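Here is the structure we will look at.
Residue numbers start at 1 and run along the sequence shown. Being a predicted model, the structure only gives us computed values, none of them experimental.
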Amino acid sequence: MSEALVQGTPAWFAMVGAAIADAAAQVGIPPDLHLSVLERYVDGTMLGDGLRQGLRIDIVRGSLAFRAGVLPDETAEVVIEVTAATARRLNLLLSADPAYAQTAANAATDGDFRIHGDLGALGPVFALAHDRIVEHTR
């Protein structure tokens with residue numbers, strides 16, 4: 001993953017999934033963890049094959065798999081809903097940048113970024129993957 005990819009494309013979502021999988025391998029996932037996570041752009045466009053902009057992550061017995069793109073009515077134990085514009089702003093800011101936390105907080109207050117459910121054990125995984133995603137986003 002050495003090149004920067006255009007945010008929101010199927011290749012970009014695949015990179016995000018790979019970054020999360022790599023971070024999970026580094027952090028470690030409890031072997032008994034079962035969790036499904038869906039992140040979707042609430043105003044996203046179609047990617048093809050009936051999938052919209054987003055990412056699905058499934059963890060079964062501690063093993064992580066992902067799919068670039070989400071079905072329109074798909075659900076999961078954790079659902080992250082974000083506008084494309086908010087995702088863009090967040091994916092251009094490194095986690096150490098004070099603007100990152102402020103942008104996320106403002107988006108949550110405005111309803112442009114919502115998390116339904118508990119990321120629990122995956123919180124550190126997403127945090128570790130974030131800066132790698134930023135580095136490969138254009």
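Annotation: side chain of Leu122 is in contact with side chain of Ile59 (closest heavy-atom distance under 4.5 Å). The shortest side-chain heavy-atom distance between Arg114 and Val42 falls under the 4.5 Å cut-off. Residues Asn106 and Phe113 are not in side-chain contact: their nearest non-hydrogen atoms beyond the backbone lie 4.5 Å or more apart. The shortest distance between side-chain heavy atoms of Ile20 and Leu55 falls below 4.5 Å. Side-chain contact between Val6 and Arg138 is present, with at least one heavy-atom pair separated by less than 4.5 Å.
With sequence neighbours left out, Leu71 forms a side chain to side chain contact (heavy atoms under 4.5 Å, CB included) with Leu51, Arg67, Glu74.
Remark: the Asp43 side chain and the Thr83 side chain contain no N/O donor-acceptor pair separated by less than 3.5 Å. Side-chain atoms of Gln26 and Asp22 include no donor-acceptor pair closer than 3.5 Å.
Within a 6.0 Å radius of CG in Asp110, more than 12 heavy atoms belonging to other residues, nucleotides or ligands are found.
Note on Val79: it does not cluster hydrophobically with Phe126, by side-chain heavy-atom contacts below 4.5 Å among ILVMFWY residues. Hydrophobic clustering (side-chain heavy atoms under 4.5 Å, transitive across Ile, Leu, Val, Met, Phe, Trp, Tyr) keeps Leu38 apart from Leu119. Residues Leu92 and Trp12 fall into different hydrophobic clusters, defined by Ile, Leu, Val, Met, Phe, Trp and Tyr side chains chained together at heavy-atom separations under 4.5 Å. Val134 and Val16 are assigned to two separate hydrophobic clusters, defined by single-linkage of ILVMFWY side chains at heavy-atom distances under 4.5 Å.
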Evaluate side chain to side chain contact (heavy atoms under 4.5 Å, CB included) for Val70 paired with Tyr41, printing each intermediate quantity in order.
-> CA-CA 9 Å; Val70 297; Tyr41 287 11; over 6 Å; no
Using the side chain to side chain contact (heavy atoms under 4.5 Å, CB included) rule, take Leu5 and His136 through it: C-alpha gap first, then chi angles, then the decisive distance, then the call.
-> CA-CA 6 Å; Leu5 300 168; His136 297 285; 5.7 Å; no
Take Gln53 and Phe13 through the test side chain to side chain contact (heavy atoms under 4.5 Å, CB included) and record every step on the way to the result.
-> CA-CA 8 Å; Gln53 287 178 307; Phe13 281 110; 3.8 Å; yes
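Pairing each heavy atom of Leu47 with each of Arg52, the nearest pair is CD1-O, 3.5 Å. Taking both residues in full, the closest heavy atoms of Ala21 and Leu64 are given as CB-CD2, 3.8 Å, listed atom of the first, atom of the second, then distance. Here the closest non-hydrogen pair linking Gln7 and Ala84 is NE2-O, 4.2 Å. Nearest heavy-atom pair across Arg132 and Ala19 is CD-CB, 4.1 Å. For the residue pair Thr137 and Arg88, the shortest heavy atom distance occurs at CG2-NH1, 3.7 Å. Pairing each heavy atom of Ile115 with each of Ile80, the nearest pair is CG1-CG1, 4.1 Å.
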